[in-house]
Number of protein chains: 2
Amino acid sequence: MALRHAVLAALLDEELSGYQLAKAFDLGVANFWHALPQQLYAELAKLEKEGLVAGREVVQDTRPNKRLFTVTEAGLAELDRFAATANKPSFIRDDLFVKVQAADHVDVDELIAQLTERAAIAEAKIELWGGLLRQMRGDRSEEEFLRHGERIGPYLTCLRGLAFEQGNLDWCRRSAAILRERRAAHAPR
Amino acid sequence: MALRHAVLAALLDEELSGYQLAKAFDLGVANFWHALPQQLYAELAKLEKEGLVAGREVVQDTRPNKRLFTVTEAGLAELDRFAATANKPSFIRDDLFVKVQAADHVDVDELIAQLTERAAIAEAKIELWGGLLRQMRGDRSEEEFLRHGERIGPYLTCLRGLAFEQGNLDWCRRSAAILRERRAAHAPR
DNA sequence: TCATTCATGTAACCTGTTACATGATTTG
DNA sequence: CAAATCATGTAACAGGTTACATGAATGA
């Protein structure tokens with residue numbers, strides 16, 4: 001039941017609408033949790049009913065009206081309570097890993113193509129996270145920001161995201177290279 | 001629907017019982033997919049009914065009887081078909097990340113403790129993966145094994161697991177250190 | 001004018017988790 | 001003698017995904 005807490009954590013820094021939240025939790029940009037728009041709208045409704053967030057209507061004439069949400073005192077308390085609970089161990093579930101596990105029994109060309117594709121995705125994310133980090137620390141050095149910056153939570157999760165994607169990139173490239181070499185060795189000429 | 005393919009991939013190297021599979025997919029040892037015993041028994045039943053795996057009863061007098069499963073030709077074909085499908089992008093869902101995201105609003109001591117705990121888990125896994133890798137390559141060097149070894153699929157996924165946990169370890173330690181420093185700076189004396 | 005973005009949902013479905021059940025054997 | 005390991009499941013529930021719906025405004 002961590003989705004609600006992820007939503008609360010996302011609303012700490014800024015007031016957001018369901019739509020904006022959905023963009024933050026999107027696969028392409030989520031650096032600490034992922035969720036679909038449907039889940040978020042449903043969760044926001046529940047959170048509001050329970051008084052953990054408060055919504056206010058913003059009338060727009062050029063755009064459809066929207067509701068912006070803020071974390072309430074009760075919401076903050078709930079988040080703090082959650083922070084003290086035990087973590088469920090995190091697990092691996094990735095299609096690509098399954099395919100690589102079966103590398104010796106499936107079409108290698110296809111695998112190499114998918115590793116290359118994943119590498120490209122990782123590269124794009126690395127640039128995205130890199131830019132986000134630069135934006136957060138502004139003109140300060142990383143060390144300076146980590147010591148004295150306000151709001152370092154998002155910075156830290158973003159650092160993990162960056163390192164994770166760097167790891168993906170390295171592994172995908174290396175694995176693809178190894179598979180290419182073996183293919184060449186097994187079917188020479 | 002990748003659980004079935006993960007099961008097929010796990011059965012490629014050796015004939016296993018549901019119980020043995022469950023141990024391989026356990027949180028502590030799963031290097032390419034995680035699942036609970038209940039899921040695995042159910043999935044094995046489905047896979048057998050569909051003819052993708054074949055089970056054979058092994059009678060034991062000292063232990064309860066068990067059923068060992070092998071991948072059939074149809075199963076291999078299904079795995080190969082799966083390997084050619086598009087990957088769903090992998091996403092992040094980790095309680096600890098949510099807590100770190102909220103670092104500036106929750107109890108810092110608690111967070112540091114949890115980061116330290118996670119670091120210890122990562123260390124244990126690093127040793128586990130390291131040992132597994134050594135065992136797989138035997139007396140060969142890594143380069144030699146990657147070039148000419150049979151079954152490199154499991155080796156590659158294990159390498160990713162190792163690097164992932166190393167990344168976790170580094171990040172947990174660094175984040176904890178940063179939070180400790182800031183705590184000291186904000187509440188001196 | 002057609003696709004994309006803004007903005008918010010409902011409903012059906014599939015997957016994964018939690019709780020529970022059973023029973024024999026080895027290890028401490 | 002109690003706990004852990006071997007061995008296999010069922011049932012209820014929570015969480016996440018897919019499909020679908022609506023409607024206005026902007027950009028190509």
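All values below were derived from every heavy atom in this structure, side-chain atoms included, with hydrogens, water molecules and symmetry-related copies excluded. None of the values given here were measured: they were computed from a predicted structure. Proteins come first, then strands; the chains are lettered A, B, ... in the order of their sequence lines, and each starts at number 1.
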B/Lys66 vs A/Trp33, nearer the 5' end of DNA chain D by closest nucleotide: B/Lys66
CA sep, side-chain torsions, deciding dist, call: A/Glu142, B/Arg174, salt bridge (charged side-chain N to carboxylate O under 4.0 Å, His left out): CA-CA 13 Å; A/Glu142 179 154 284; B/Arg174 187 171 179 216; 3.0 Å; yes
Measure from [atom1] on [X] to [atom2] on [N] and round the result to the nearest Å.
| X | N | atom1 | atom2 | answer |
| --- | --- | --- | --- | --- |
| A/Phe69 | C/dA7 | CZ | P | 13 Å |
| B/Tyr41 | C/dG16 | OH | C1' | 17 Å |
| A/Leu36 | C/dC13 | CG | C1' | 14 Å |
| B/Gln39 | D/dA11 | CD | P | 17 Å |
| B/Glu43 | C/dC14 | CD | P | 13 Å |
| B/Lys23 | D/dC6 | NZ | C1' | 9 Å |
| A/Gln20 | C/dA7 | CD | P | 7 Å |
| B/Leu40 | D/dA7 | CG | C1' | 13 Å |

Pairing of [X] and [Y] as salt bridge, 4.0 angstrom limit:
| X | Y | answer |
| --- | --- | --- |
| A/Glu78 | A/Arg81 | yes |
| A/Glu150 | A/Arg140 | yes |
| B/Arg4 | B/Glu48 | no |
| A/Asp94 | A/Arg118 | yes |

N/O (side chain, A/Tyr19) to phosphate O (OP1/OP2, C/dT8) under 4.0 Å: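 So the side-chain polar atoms of A/Tyr19 never come under 4.0 Å of the phosphate oxygens OP1 or OP2 of C/dT8.
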Side-chain N,O (B/Gln60) to OP1/OP2 (C/dA24) below 4.0 Å: no
Which atom of A/Phe25 lies closest to which atom of A/Ala6, heavy atoms considered: CZ-O, 3.6 Å
Protein proximity profile, nucleotides 21-28 of chain D - base contact B, sugar-phosphate-only contact S, no contact -, cut-off 4.0 Å on heavy atoms: --B-SS--
Sugar-phosphate only, base, or nothing, as touched by B/Arg93 at under 4.0 Å among non-hydrogen atoms: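 B/Arg93: backbone/sugar contact only, no base atoms under 4.0 Å.
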Donor/acceptor link under 3.5 angstrom from B/Gln38 side chain onto base of D/dT8: no
Minimum-distance nucleotide (side-chain atoms of B/Phe91 versus D/dT17, D/dG16, C/dT8):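 Of all the options, the side chain of B/Phe91 is nearest to D/dT17.
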B/Asn168 CG to B/Ile126 CD1 distance, which is reported to the nearest 0.5 Å: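 Those atoms lie 8.5 Å apart.
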Nearest-nucleotide comparison on DNA chain C, the residue closer to the 5′ end among B/His34 and A/Gly18: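 It is A/Gly18, whose closest nucleotide lies nearer the 5' terminus.
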